[in-house]
Amino acid sequence: MRKIALATVAVAATAALALGGCSSRTDEGTSGGTEEGFAADSSIGVALPDKTSENWVLAGDLFTEGLEEAGFKADVQYAPANNTVPEQQNQISSMVTNGAKVIIIGAKDSAQLSAQVEQAKQSGAVVIAYDRLITNTEAVDYYLAFDNFKVGQLQGQALLDGLAEKYPDADTYNIELFAGSPDDNNAKVFFDGAMEVLQPKIDDGTLNVVSGQTGFEQVVTQGWLAQNAQSRMDTVLAGNYTGTELHGVLSPNDTLARAIIESTRAAGKPLPVVTGQDSEVESVKSIVAGEQYMTIYKDTRALVQAAIDMVKTLQAGDEPEVNDTETYDNGVKVVPSFLLDPVVVTKENAADAYADNDTLSALTK
Ligand code: BGC
């Protein structure tokens, strides 16, 4: 029911955009829909960033499998660990040259792909930003992701809940903040979502960021790399927490959460309440064991399926469903988006949250 209602809103919104939103353009409008569709065995390019999180690894496998099963030729590429940005740019250019009809991109650097996606558009391909928005270009047709701002809000709220649970007698808490990699557009969105919840509590004195590091640029983690979070945590602990207890840490994902926990453990400190995201096996184990406080479940299977459904719709010459035409402004335009709902997971609801997949059985391996 909800899906149908959303689809109706989306169609109306897309029509309004096409009619009124784009008077200077004379071509088919802002959408990527190609009225005539394309051949059912066309090549579909999928450019993914590094394998720093389990979700990216899984996405690659699912794309290859799902696209082939749907009859397309799957051209799935990861940006290699070295020289990542230029390599991803080259991969996308090759997909265009090889005639891909749709190019699905998980950007390594959200702001460095305009030339390649513009080249893709010129060749007639549809460009879908997958999980991470591509910024500063007209040439991105759709954005497909879990609602990243909501992920941040959920993390912020969970941090407050976890603190209240763990320290029922306290009314103020010492916390530290971490964000993801600044070249990933999501990092700022997650952080802004979390700060919408946390900032009022910092302002009223409930939360005390002892290091004083509260600005996005001060708390980023280059490359989403565990070692970078761990060494910043080491420094923050050594500089600010020799005689002071740390109660909580906002961590944007599981990889970094585990690094932060590792750092506090190595410093001989009690474990603070630490947030996460991605439902990585090691973190779910840690949650069940009462260490990491929470994670976010973003079912990669659902996101990949949504992308493949979008490809099928485009292949048939139809307009894909979107459910948000307001939120994801890439600096040049608001990109029509299809957003899925993230789910909070703590020790309390882990069994329910993962009931439909193999996360729990993986815990015992
Ligand atoms: C994804 C997160 C992931 C991070 C690091 C982000 O863009 O949305 O799920 O933890 O990249 O790979």
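This chain uses plain numbering: 1 for the first residue, then up along the sequence. Both ligands and their constituent atoms are indexed starting at 1 by order of listing.
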Undergrad: Quick one: does ligand 1 sit under 4.0 Å from the side chain of Phe146, the backbone, both or neither, non-hydrogen atoms only?
TA: neither
Undergrad: So which protein heavy atom does atom 4 (C) of ligand 1 come closest to, and at what separation?
TA: Trp224 CE2, 3.5 Å
Undergrad: Is it true that Thr137 and Glu118 share a donor-acceptor pair across their side chains at a distance under 3.5 Å?
TA: yes
Undergrad: State whether a side-chain donor-acceptor pair under 3.5 Å links Asp254 with Gln277.
TA: no
Undergrad: Atoms of ligand 1 less than 4.0 Å from Ser53 heavy atoms?
TA: 3 (C), 5 (C), 10 (O), 12 (O)
Undergrad: Knowing that exactly one of Arg258, Lys347, Arg265 qualifies, which makes a salt bridge (Lys or Arg N to Asp or Glu O under 4.0 Å) with Glu291?
TA: Arg265
Undergrad: Which ligand 1 atoms, with their elements, are less than 4.0 angstrom from a heavy-atom of Asn186?
TA: 1 (C), 6 (C), 7 (O), 8 (O)
Undergrad: Strictly under 6.0 Å, is that where the ring centroids of Tyr297 and Tyr354 end up?
TA: yes
Undergrad: Hydrogens and angles aside, do Glu321 and Thr313 bring a side-chain donor and acceptor to less than 3.5 Å of each other?
TA: no
Undergrad: Evaluate Asn148 for polar contact with ligand 1, using N/O atom pairs at a separation under 3.5 Å.
TA: no
Undergrad: Can you list the ligand 1 atoms lying under 4.0 Å from a non-hydrogen atom of Arg132?
TA: 4 (C), 5 (C), 6 (C), 7 (O), 11 (O), 12 (O)
Undergrad: Less than 3.5 Å apart, any donor N or O on the side chain of Asp324 or Thr327 sitting next to an acceptor on the other?
TA: yes
Undergrad: What are the atoms of ligand 1, with element, lying closer than 4.0 Å to any heavy atom of Asn55?
TA: 9 (O)
Undergrad: Any heavy atom of Phe190 sitting closer than 4.0 Å to ligand 1?
TA: yes
Undergrad: Which ligand 1 atoms does Lys298 reach within 4.0 Å, using its non-hydrogen atoms?
TA: 1 (C), 2 (C), 8 (O), 9 (O)
Undergrad: Number the atoms of ligand 1 from 1 as they appear, then name those within less than 4.0 Å of a heavy atom of Thr52, with their elements.
TA: 12 (O)
Undergrad: What are the atoms of ligand 1, with element, lying closer than 4.0 Å to any heavy atom of Asp184?
TA: 6 (C), 7 (O), 11 (O)
Undergrad: Has Lys166 got its NZ or CZ under 6.0 Å from the middle of the six-membered ring of Tyr293, at an angle within 45 degrees of the ring axis?
TA: no
Undergrad: Regarding Asp234 and Ser263, is there a side-chain donor-to-acceptor distance under 3.5 Å anywhere?
TA: yes
Undergrad: Looking only at protein heavy atoms, which one is nearest to atom 9 (O) of ligand 1, and what is the separation?
TA: Asp278 OD1, 2.6 Å
Undergrad: List every atom of ligand 1 that sits less than 4.0 Å from any heavy atom of Asp131, numbering the atoms from 1 in the order shown and giving each element.
TA: 1 (C), 6 (C), 7 (O), 8 (O)
Undergrad: Could you check whether Gln153 and Glu196, counting side-chain N and O atoms only, form a donor-acceptor pair closer than 3.5 Å?
TA: yes
